[in-house]
Amino acid sequence: MEDLSPLVTALVGLITGGALLQLSKTVHDFLRRRQFLSQHGQSFINKQYEEMVERLQSQVTMLRERTVQIDRSYQEEIKCLLRQTADLRVENATIKAELAHQRGTAPPAEGKEKTT
Amino acid sequence: MTSSGLRVLVLQSDPAGLGPAVDQALKELQARYEAVLTFASSLADAERAAGVFDVILLDLLLPNGLGAEVSTRVSARYPDTPIVILTRLTDPEAVKAAMALPTVWDYQPTDSVDCEQLLRSIAHALDFYRVELMFETCAATGKAATRLGALAALTENESTASSRCGWRQ
């Protein structure tokens, strides 16, 4: 029995050493995988972010162009309406003057004589 | 218009003989807008008149001026002030020529205008002229948002002007 104890001790040591070696490999593998995921995961997120930023910038540019187009169109429309309003004002005034003239409520000749 | 009230230049050859409707309108202006009326009876008086006015009630039959000549001179003297022609002159061509100026807003024959017509004309002159100026300024500076504001102001002022004059659309 005494002769077997060194053998048992050696066997236990061997098994323990093997288990430790396996554990070490597992830990190493875990760390390697974590590092890989960390690097490539960040890279993936960065890529997604950049694509999103590009898409948004493109949309902003498109919206700006559209705003300018609408603005020009709106500006032209307002100018046109202001012109039409001015024309209508003149027309309205002329009609009122004609009506007043026809009614004979005013002495237009008196005014004209002043300049001639 | 300022907080101290509406400043009106009444440039009429015969300020005392404008008739009851115009007299009433002027009284209403004083009552509703705390208007300060400055009377002038000739172009020389108008050109000498000190200060700034919000609106001018202009006669086209002045002792030393007639028709478009009057509006041109007054418009040159007060280039930023809207003008409402209030006159006994009824020559359509002369009125048309006078109305061609951008600051001349409306024409009212003195003998047939009524109080509300004149008040409405003045209110519109003030409101629309201001909006036109706003639009021109914004168009020059390219501020789209402010232009939208101008349009909103236009709509708002339309109703404001109408309500101020008791005018129902």
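Naming convention: chains lettered A, B, ... in sequence-line order (proteins, then strands); numbering from 1 in each chain.
Listed by chain and residue number, B:R48 satisfy the salt bridge (charged side-chain N to carboxylate O under 4.0 Å, His left out) test with B:D45 (two or more places apart in sequence, or in another chain).
When heavy atoms are compared at a cutoff of 4.5 Å, A:D87 does not approach chain B at all.
A:I15 and A:V12 are not part of a single hydrophobic cluster, where members link through side-chain heavy atoms under 4.5 Å apart. A:Y49 and A:L56 fall within the same hydrophobic cluster, defined by Ile, Leu, Val, Met, Phe, Trp and Tyr side-chain heavy atoms under 4.5 Å apart, directly or through other members. Put simply, A:L82 and A:Y74 are part of the same group of oily side chains (I, L, V, M, F, W, Y) that touch within less than 4.5 Å, one to the next.
With values rounded to the nearest 0.5 angstrom, A:T85 atom OG1 is found 12.0 Å from B:H124 atom NE2. With values rounded to the nearest 0.5 angstrom, B:M99 atom CE is found 11.0 Å from A:E91 atom CD.
A salt bridge does not link A:R103 to B:D111: none of the charged side-chain nitrogens sits closer than 4.0 Å to a carboxylate oxygen.
The backbone N or O of B:Q108 sits nowhere less than 3.5 Å from a side-chain atom of A:K96 that would complete a donor-acceptor pair. In this structure a side-chain-to-backbone donor-acceptor pair under 3.5 Å is missing from A:R89 to B:D106.
Of all non-hydrogen atoms in B:Y107 and A:A100, the two that sit nearest each other are OH-CB, 4.4 Å.
Screening residues 7-34 of chain A for salt bridge (Lys or Arg N to Asp or Glu O under 4.0 Å) gives A:D29-A:R32, A:D29-A:R33 as the qualifying pairs, with residues at least two apart or on separate chains.
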